[in-house]
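Quick caveat, the model's predicted, so the values are computed rather than measured. For the numbers below, each heavy atom of this structure counts, side chains included, while hydrogens, waters and symmetry mates do not.
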Amino acid sequence: MKRVVDKSFVVRAPLEVAWNHLAQIEAWPSWAKHIRSVVKSPPGPLSRDTHGTLQLTNRVRSTFRMIEFEPPGHWKWAGSFMGSQILYDHIFSEDKPNQTTIRFTVDAGGGPGVLIRGIFGWIYRRNLERAVPLLVQEIERAAASKS
């Protein structure tokens with residue numbers, strides 16, 4: 001496995017608010033404009049048993065299954081892209097009251113190798129550059145409404 005994405009950012013929100021907001025994965029299209037829809041199963045809150053499909057705006061479907069789930073510290077799911085295994089980790093740490101660092105890491109391995117990892121990483125990083133500012137705004141708005 002090789003790390004292809006490592007993106008950290010800070011939100012002015014308590015850890016619980018940040019976790020709860022991001023854990024609503026069906027709502028991701030509101031800030032991740034490259035995602036058209038998210039279908040998860042089973043119904044209800046994000047859990048160790050969660051799996052699902054993201055429909056991207058370019059019509060690509062990405063399926064995932066939860067492989068690690070340790071609230072409110074992190075969750076990791078596994079998927080694939082053109083024969084390569086992809087691991088997506090969502091990591092949360094409370095720096096101080098009302099300030100949380102969120103870190104997204106993506107590791108890729110197997111399959112066609114370096115070329116796929118390079119292309120996938122480039123696309124994913126570009127999508128995050130557009131999505132993270134919108135996510136930060138949403139989380140901080142949610143935190144402000146709870147104050």
Can you list the steps and then say if F120 with V4 is a side chain to side chain contact (heavy atoms under 4.5 Å, CB included)? CA-CA 8 Å; F120 181 84; V4 296; 4.3 Å; yes
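- The pair K7-E129 counts as a salt bridge, with a side-chain nitrogen and a carboxylate oxygen less than 4.0 angstrom apart.
- In this structure, L134 is a member of the same hydrophobic cluster as V38, with clusters built from ILVMFWY side-chain heavy atoms closer than 4.5 Å.
- Side-chain heavy atoms closer than 4.5 Å link hydrophobic residues (I, L, V, M, F, W, Y) into clusters, and following such links, even through other members, never connects M1 to M66.
- V136 places a side-chain heavy atom less than 4.5 Å from the side chain of F9.
- Here H74 contributes atom NE2 and T105 contributes atom OG1; the two are 9.5 Å apart, rounded to the nearest 0.5 Å.
- Within 6.0 Å of CZ in R61 there are 12 or fewer heavy atoms belonging to other residues, nucleotides or ligands.
- In this structure, H51 has its ring center no closer than 6.0 Å to that of F64.
- Two residues are said to be in side-chain contact when any heavy atoms from C-beta on lie closer than 4.5 Å; V39 and Q55 fail this criterion.
- Note on F104 and I91: separate hydrophobic clusters, where clusters join Ile, Leu, Val, Met, Phe, Trp and Tyr whose side-chain heavy atoms are under 4.5 Å apart, directly or indirectly.
- Contact record, E26 with P29: O-CD, 3.4 Å, taken as the closest heavy-atom pair.
- L87 and I25 fall into different hydrophobic clusters, where Ile, Leu, Val, Met, Phe, Trp and Tyr are joined by side-chain heavy atoms under 4.5 Å apart, directly or via other members.
- A distance of 8.0 Å separates CD1 of I123 from CG of N58, quoted to the nearest 0.5 Å.
- Between H34 and R130, every side-chain heavy-atom pair lies at or beyond the 4.5 Å cut-off.
- Side chain of E68 to backbone of K76: no donor-acceptor contact under 3.5 angstrom is found.
- Nearest heavy atom pair, residue T100 against residue A18, reads CG2-CB, 4.1 Å.
- Of all non-hydrogen atoms in T50 and P45, the two that sit nearest each other are OG1-O, 4.2 Å.
- Between D107 and the options R3, Q85, K2, a side chain to side chain donor-acceptor pair (under 3.5 Å) holds for only R3.
- Looking only at distances, no side-chain donor or acceptor of Q24 sits under 3.5 Å from a matching main-chain atom of W28.
- Between atom OG of residue S47 and atom NZ of residue K40 there is a gap of 7.0 Å, rounded to the nearest 0.5 Å.
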Step by step, would you call E94 with E16 a side chain to side chain contact (heavy atoms under 4.5 Å, CB included)? CA-CA 9 Å; E94 190 166 55; E16 182 180 343; over 6 Å; no
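- With hydrogens and angles ignored, the 3.5 Å screen pairs a side-chain donor or acceptor of E140 with a backbone N or O of R12.
- Atom OG1 of T101 sits about 10.0 Å away from atom CG of L15, to the nearest 0.5 Å.
- Side-chain contact between F92 and V11 is absent, with no heavy atoms from C-beta onward closer than 4.5 Å.
- One hydrophobic cluster, built from ILVMFWY side chains closer than 4.5 Å, holds both V5 and V60.
- When each of Y88, F69, W19 is paired with W75, the ring pair (Phe, Tyr, Trp, His ring centres under 6.0 Å) condition holds for W19 and for no other.
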Run L135 and L22 through side chain to side chain contact (heavy atoms under 4.5 Å, CB included) and show every step you take. CA-CA 8 Å; L135 175 59; L22 200 60; 3.7 Å; yes
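- Here the side chains of I139 and I102 are in contact, with some heavy-atom distance below 4.5 Å.
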